[in-house]
Amino acid sequence: MLNKQIYNLINSQINKELYSAYLYLEISNYFNENGLPGFASWYVKQSEEEVEHAMKFNAYVYQQGGKVVLEAIEKPVVEFKNAREALEAALEHEKKVTAWINDIYAEAVKQGDFRTQKFLDWFIAEQTEEEENADEMIAKYDLASKEGNLYLLNKELGKRD
Ligand code: FEO
């Protein structure tokens, strides 16, 4: 059985991951509305990945004999002046997710919950990748804008599996 505080943090993380899925869907919609369907497709994949993250947490609660209590998902508030702002919002969001995962990990360490630490190891590694990807998207966008080949980058991003 999970410690109450760890349970609360994980239950809340399910909501945060689903919010992340909403946010990325919103970002995807922004790109679709602004003539960059390859970027839109990339963020749909990102949104799907966030749902998978939520499912991992959801399954873990049940593996530990707990019961998930789903909460309302906040409406993402996104107003971007340009594509770069959308990419920056994604990076800022991933930094927040990293901090949330770290908070759960810190609580697991405090409570001597080795099982949860082991479970969270995947997310710790994943967040390194998530931040790296988000950072790289900005760098690629800047490069493509400067060199005038945003069209090609848009095409490349559309190929994400
Ligand atoms: Fe579930 Fe992008 O962190």
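In what follows, every heavy atom counts, from backbone to side chain, and hydrogens, waters and symmetry copies are set aside. The structure displayed is predicted, hence computed values, not measured ones. Each ligand, and each atom within it, is numbered from 1 in the order the structure gives.
- Under the rule for a side chain to side chain donor-acceptor pair (under 3.5 Å), the partners of Q46 that lie at least two apart in sequence or sit in another chain are E50, E130, R160.
- Environment of OH in Y62: crowded, with over 12 heavy atoms of neighbouring residues, nucleotides or ligands closer than 6.0 Å.
- Distances shorter than 2.8 Å separate atom 1 (Fe) of ligand 1 from the protein N/O/S atoms E17 OE1, E50 OE1, H53 ND1.
- Not counting sequence neighbours, the partners of R115 by the side chain to side chain donor-acceptor pair (under 3.5 Å) test are Q64.
- K56 and E17 are not joined by a salt bridge, as no carboxylate oxygen comes within less than 4.0 angstrom of a charged side-chain nitrogen.
- Y60 and F119 have parallel rings, their planes meeting at less than 30° on a 0 to 90° scale where 60° marks the start of perpendicular.
- Contacts classified as side-chain hydrogen bond (donor to acceptor under 3.5 Å, both in side chains) and involving residues 25-44 (residues at least two apart or in different chains) are not found.
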